[in-house]
Amino acid sequence: MKNLLILLTIVTFITVGSVNAQTYSIIGDAEADERALYTMTKQMSQFMSRFNYEEDQYGKKIHPDSSDYRNKDKRKTALPLLFDMENQRTNGSLRDFFIEDLTKDNSNYFEFLGGEWYSEVSATFKWKGKSVDISMIFAIEKENLGSKWVLTNVFFSEFNKLFPKGDIAEQQKHFLHPMSHELDFMNIYKIFKTPECIEYYASESYSTDYLSIFFYEIKQGNLVFEKINGEKFHVFQIDNWYFEVSWFNRSGYNTGWLISNLIYLKDEEKKELIKYYQPNISE
């Protein structure tokens with residue numbers, strides 16, 4: 001009987017200990033999951049707040065009257081968490097140089113209405129009976145007392161095929177003689193004889209307006225929207241820098257909206273690149 005009591009006591013102790021260990025493990029996992037949820041940059045507006053250090057890395061808003069608001073030293077500590085740490089380009093010396101340059105004064109902040117940032121939305125459309133991928137570029141535009149997203153450009157490989165960039169020698173073959181008007185433009189047939197080269201007869205200032213072609217194809221019913229596939233952002237606001245923000249859905253603390261590409265880019269070099277996203281932007 002004594003031995004039996006001892007055995008029951010040992011079994012009870014082991015069972016209770018196992019239950020307690022399992023309970024602590026569950027609590028630990030829950031705390032880790034909760035921390036991961038708070039550290040995840042869940043929205044682009046949250047990315048901006050953390051980028052400017054108007055919110056800390058745990059999701060706590062910082063009051064504008066607080067000494068911590070946009071604090072340079074604390075911003076330096078928090079900024080690395082907004083980079084994709086699994087990408088060598090955004091987790092090394094270039095990132096460190098960017099952060100140092102960004103925080104040397106109080107002017108480089110990411111502003112919603114600051115212009116020079118774009119959303120790229122990839123989507124699937126039905127075109128001529130097949131599914132195709134098209135990227136749509138959007139920009140924020142002020143309107144009255146508010147703002148709105150507007151389409152500024154599209155990228156579709158089939159549109160690009162319509163307007164291939166021939167070499168200079170080929171382009172120079174296609175022109176109308178300056179005295180054509182004296183012949184009542186009888187030679188105008190040349191323009192329409194080679195429709196694949198018709199844009200070569202336009203002014204040097206002409207550039208293909210893919211957005212207008214996109215609108216036309218939609219209106220004609222040739223392009224039919226099917227679904228959104230993804231989204232990313234292109235940011236040119238910061239002096240002498242360009243960066244891209246993408247969505248990362250993965251476990252751990254380095255997740256959500258993060259900087260996925262970073263390029264040192266002089267402001268004068270940005271102008272041509274921005275036209276890629278907004279061709280009709282005013283100087």
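Computed over heavy atoms, backbone and side chain alike; hydrogens, waters and symmetry mates excluded.
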Can you tell me if NZ on Lys270 sees more than 12 non-hydrogen neighbours from other groups inside 6.0 Å? yes
Using a 6.0 Å cut-off, check whether atom CZ of Phe215 has over 12 heavy atoms from anything other than its own residue. yes
Qualifying residue for ring-ring contact (aromatic ring centres under 6.0 Å, His included) with Trp257, from Phe248, Phe233, Phe83, Phe110: Phe233
Does the side chain of [X] come under 3.5 Å of the side chain of [Y] through a donor N or O and an acceptor N or O?
X      : Y      : result
Asp84  : Ser260 : no
His63  : Tyr69  : no
Glu141 : Trp149 : no
Tyr206 : Glu199 : no

Indicate if Phe159 and Val121 have the same hydrophobic cluster label, given that clusters are the connected sets of ILVMFWY residues with side-chain heavy-atom separations under 4.5 angstrom. yes
Quick test of your reading: applying salt bridge (Lys or Arg N to Asp or Glu O under 4.0 Å), list the pairs with at least one residue in residues 224-239, sequence neighbours left out, ordered by first then second residue. Lys126-Glu226, Lys232-Glu244
Minimal heavy-atom distance between Leu258 and Asn254, with the atoms involved, is CD1-ND2, 3.5 Å
Answer yes or no: is there a side-chain heavy-atom contact under 4.5 Å between Phe243 and Phe51? yes
Check whether any side-chain heavy atom of Phe138 sits under 4.5 Å from a side-chain heavy atom of Leu151, and report yes or no. yes
Does the ring center of Tyr58 lie less than 6.0 Å from the ring center of Tyr253? no
